[in-house]
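Accompanying notes for the structure given below.
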Amino acid sequence: MTSAPPVITRFAPSPTGHLHIGGARTALFCWAYARRMGGHFTLRIEDTDQARSSDESARGIMEDLAWLGIEWDEGPTHVYNGRTIGGDPRNVGPFFQARRVHLYNQYLRKLVEIGRAYPAFESSEELEAKRKIAVAAKQTYRYDRAAYHAIPTPAERLKRMDSGEPHVLRFLAPSHELIVPDQVLGDIKIPAGELDDFVIRKADGFPTYHFAVVVDDETMGITHVMRAQEHLYNTPRHVALQQALSFRTPAYAHMPLIFNMDASKMSKRDKAKVARLTLKNAIQKDASLTPAALATKLSIEEPAVADFLAAENDRLDIAEAVARVFKINLPEIEVADFRQAGYLPEAITNFISLLGWSPGVKSADGKDLERFDIGFLSQNFAIERIGKTNAKFDRVKLASFDAQLIAEMSDAELVKRLKTWCAEFRPEVTRKLSDDQLTMLAAALKPRCKVLSDIVNVASFALVGDNDYTFDPAAVAKVLKAAPKEGQPSALTILTDMKSGLESLEDFSPAAIDALIHSYAESKALKMGDVAQPLRIAITGSTVSPPLGVTLAVLGKPSTLARLSRGIAQC
RNA sequence: GGCCCCGUCGUCUAGCGGCUAGGACGCGACCCUUUCAAGGUUGAGGUGCGGGUUCGAUUCCCGCCGGGGUCACCA
């Protein structure tokens, strides 16, 4: 019986920080392809860098994946919303590479035995010096294979390895041309001699990425490797290792890269750049902002602040402090950033699906389909439709996807999302606004919010005390204090009339309030704006707010009347 | 610099020898409107350049130009 072997894909992040948005796309495509083909999606944690890896990062990455809805069939277990994701149904774990070192060592030893790997004893400083000389001479540095020739036989190499002397293991690179079969780019030929004898086991005894990946992809039965194009040049190394170890070569698909709109790499350091620029602009405007003064303002040690300004460091905590103090938004780079900024996971997965991939089908209205959910992706994802050209990450378009999702959402669902988001990032909002208030706001919020965090702006009038909101002086001068038009009542009259009208209004609902304002405007032969704007400014201090009925109803009668008094005093 | 990859509106993209080169975001105009939004209608905007192949090139080939990736005891 010949059934096609099951497709097994994997996402293999290194746990050295949060999940990058580009990594999220890689994971999404690997997941979608496995789903589409009825296969397995594996999560493997590549923690062979002892110095930089952390369990906390691994947990964070799993949390971000789960939040996006990208669930792995096998891999480390993670509890999300009370459900456990992961496990080891095929018995191919463990999924942390640090726990697989014994396995790598078996294969490493085999490679030495067959003469394809050898110990090398140069220090990294020695090699670095040689590399510098080569670079200065505009030459490509390649390891000279000295250690290979120094110890001529496998038996002697094994003996030296076991002697306890510090060393690395290098792979004896093949001298023939290598072909990387890639399902996106086609066959890529690497000329003979391009590969040098790269390190496959570090002095600390851990395998390098190249070696661990090859062994794991083989032993975990990975059939399709999808990753970003930055890995393209790694692939010939992996193919060479597979050949030396008599392993299969899985199918490869290298995806185009994602950049910022200005074509720079999307990097965590972008946050520091933005913060630094903000700081510099502030200093230009206000000479009293010395590093010392800034240090106090930011609660950061002065030397670090000075270094930060001089681009000597890119400390994230400083960037975040700047964002807080100067009330700016840092660019979102990692999934956690987008989550904090109030994006919906559905908008993110939809948007990143379109970076380097497109479904290539029309929707019912005859237009190119581009709004779809993760379920659609899992039924339609095809490697053949992965593009070749790099993409720029347009946050404006992402925001529009998010806004549309919010607009289409039911009030109840929006309130639920809002509460979840606020609980995590703006707990004071849920403390100040009741469920009833939030529900009322939800409908008014929908066309006004691009992301959940916009609630803070749209609902800001309700988040301050009745005596704490400030009046926009321009609005007060233009509307409240202005002389009334010929034959029209003054703002003072309108507000006083409205106050008594609202005071006796039994049903303080948005509809009833709107009806009252309408009938008042009609009775005085005023345009709606003539009544609405004075009222809006009196109640919120600003010319901008949700529709008045909602605005007043959310505040409630007592607050509305109290605010009206404050407004009247401004006339 | 060596090796490798890529090149359709500002951006994401559709296109797989013949199309008025389509859609989305953004932008402009108009309509609607109690503010801000949202919504509706509508407009501008693209095949990097030069050679071939072909009756015919966005599409195939070559060169140029431009962009990117990679050259670690990081992944």
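Within every chain, numbering begins at 1; the chains are lettered A, B, ... in the order of the sequence lines, protein sequences first and strands thereafter.
- Distances shorter than 4.0 Å separate none of the side-chain N or O atoms of A/K392 from OP1 or OP2 on B/U13.
- Classification of the A/Y104-A/F211 ring pair by plane angle, with boundaries at 30° and 60°, yields perpendicular.
- A sub-4.0 Å separation between OP1 or OP2 of B/A72 and a side-chain N or O of A/R131 is present.
- For the OP1/OP2 pair of B/U11 and a distance below 4.0 Å, the side-chain nitrogens and oxygens of A/K397 include no atom meeting the criterion.
- In this structure B/G63 sits in a base pair with B/C49, meeting the Watson-Crick or G-U test at under 3.5 Å.
- Residue contacts shown for A/E370 include a base, since a base heavy atom lies under 4.0 Å away.
- Across the strands present, B/G39 finds its partner in B/C31; the criterion is a Watson-Crick or G-U wobble pair with both atom distances under 3.5 angstrom.
- Remark: A/R385 is in phosphate contact with B/G15, judged by side-chain N or O atoms under 4.0 Å from OP1 or OP2.
- In this structure, A/V168 reaches the bases: a heavy-atom distance under 4.0 Å links it to at least one base atom across the strands shown.
- A/A203 comes within contact range of at least one nucleobase, with a heavy-atom separation under 4.0 Å.
- At the heavy-atom level, A/S358 lies under 4.0 Å from the strands shown only through sugar-phosphate atoms.
- Note on A/S14: only backbone sugar-phosphate atoms sit closer than 4.0 angstrom, heavy atoms only; bases stay farther off.
- Figure legend. B/A57 is base-paired to no nucleotide; pairs are counted as Watson-Crick or G-U wobble with both atom distances under 3.5 Å.
- Side-chain atoms of A/T389 and base atoms of B/G7 include no donor and acceptor less than 3.5 Å apart.
- Taking the six-membered ring where tryptophan is involved, the planes of A/Y343 and A/F338 are perpendicular, since the angle between them exceeds 60° and thus also 30°.
- A/L398 comes within contact range of no nucleotide atom at all, as no heavy-atom separation falls under 4.0 Å.
- Comparing B/C32 with B/U41, their P atoms sit 15 Å apart, to the nearest whole Å.
- Taking the side chain of A/K202 as heavy atoms from C-beta on, and the options B/C73, B/A24, B/G69, the nearest nucleotide is B/C73.
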Under 4.0 Å protein heavy-atom contact, by nucleotide of nucleotides 33-42 of chain B - B base, S sugar-phosphate only: -BBBBS----
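- Among the atoms of the strands shown, base atoms are found under 4.0 Å from some heavy atom of A/E122.
- Using cut-offs of 30° and 60° on the angle between ring planes, the pair A/W357 and A/F372 is perpendicular.
- Of the two residues contacting RNA chain B, namely A/F259 and A/R170, the nearest-nucleotide position lying further toward the 5' end is that of A/F259.
- Within the 4.0 angstrom heavy-atom criterion, no nucleotide atom of any strand lies near A/K446.
- Figure legend: A/R25 and A/F393 shown without cation-pi pairing, the cationic atom not lying both under 6.0 angstrom from the six-membered ring centre and within 45 degrees of its axis.
- Each of A/Q97 and A/F393 was matched to the nucleotide of RNA chain B holding its nearest heavy atom; the match closer to the 5' end belongs to A/F393.
- Across the strands present, B/G10 finds its partner in B/C25; the criterion is a Watson-Crick or G-U wobble pair with both atom distances under 3.5 angstrom.
- In this structure, A/R563 is not positioned above the aromatic face of A/F461 in the sense of NZ or CZ being under 6.0 Å from the six-membered ring centre and within 45° of the axis.
- Nucleotide B/C73 forms no Watson-Crick or G-U wobble pair with any nucleotide shown, as no partner meets the under 3.5 Å limit on both distances.
- Aromatic ring centroids of A/Y469 and A/F471 lie under 6.0 Å apart.
- No hydrogens or angles considered: a donor-acceptor pair under 3.5 Å links the side chains of A/Y520 and A/D497.
- Counting non-hydrogen atoms under 4.0 angstrom, A/G356 reaches the backbone sugars and phosphates but no base.
- A/H238 pairs in a ring pair (Phe, Tyr, Trp, His ring centres under 6.0 Å) with only one of the listed residues (A/F198, A/Y252, A/Y209, A/F171), which is A/Y209.
- Note on A/S123: a base of the nucleic acid sits closer than 4.0 angstrom, heavy atoms only.
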